[in-house]
Amino acid sequence: MVGMQIQTPVHEPRSKAAPPGWGTFFRMPLYRRGTPVRHAGKSETVDYVKLQRQGISIYLVGRAEPVLARELELAPTVFTTVRVPQPECLGYDAGF
């Protein structure tokens, strides 16, 4: 019996065209402790976040019950889809 070999290209060139909807940057809300949000027209602060099978639960400072993410208003955070070198790899040792 002869073993089967699977050959995959190690360095397959990436297509220059990005898939629809993809770009160098994307924006999405980032719920983390201390993030200022607006809920029902009032300024609030995120206390903590719980991820569950049913979805995300966002708890605000001073409240016992979670609120739905769609009920909150906050400025989206900008993320990049390209690699950015880590500061320690650039030779800098202070200021980051």
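These values consider heavy atoms only, across backbone and side chains, with no hydrogens, waters or symmetry-generated copies. Residues: numbered from 1 along the sequence shown.
- Closest heavy-atom contact between L74 and P36: CB-O, 4.0 Å.
- The shortest side-chain heavy-atom distance between L60 and V37 falls under the 4.5 Å cut-off.
- Here the CD atom belonging to E44 is positioned 11.5 Å from the CD atom belonging to E71, to the nearest 0.5 angstrom.
- Shortest non-hydrogen contact noted between I56 and A69 is CG2-CB, 4.2 Å.
- Among residues two or more places apart in sequence or in another chain, the salt bridge (Lys or Arg N to Asp or Glu O under 4.0 Å) test is passed with R33 by D47.
- The side chain to side chain contact (heavy atoms under 4.5 Å, CB included) test applied to E65 returns no partner, not counting sequence neighbours.
- Expressed to the nearest 0.5 Å, how far CE of M28 lies from CZ of F79 amounts to 5.5 Å.
- Scored by the ring-ring contact (aromatic ring centres under 6.0 Å, His included) test, Y31 finds no partners at all (sequence neighbours excluded).
- Taking hydrophobic clusters as Ile, Leu, Val, Met, Phe, Trp and Tyr residues chained together by side-chain heavy-atom distances below 4.5 Å, L51 shares a cluster with I58.
- Residues R27 and T77 have side chains that never bring a donor and an acceptor to within less than 3.5 angstrom of each other.
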Applying side chain to side chain contact (heavy atoms under 4.5 Å, CB included), run through L72 and V67 and close with a yes or a no.
CA-CA 8 Å; L72 299 176; V67 296; 3.8 Å; yes

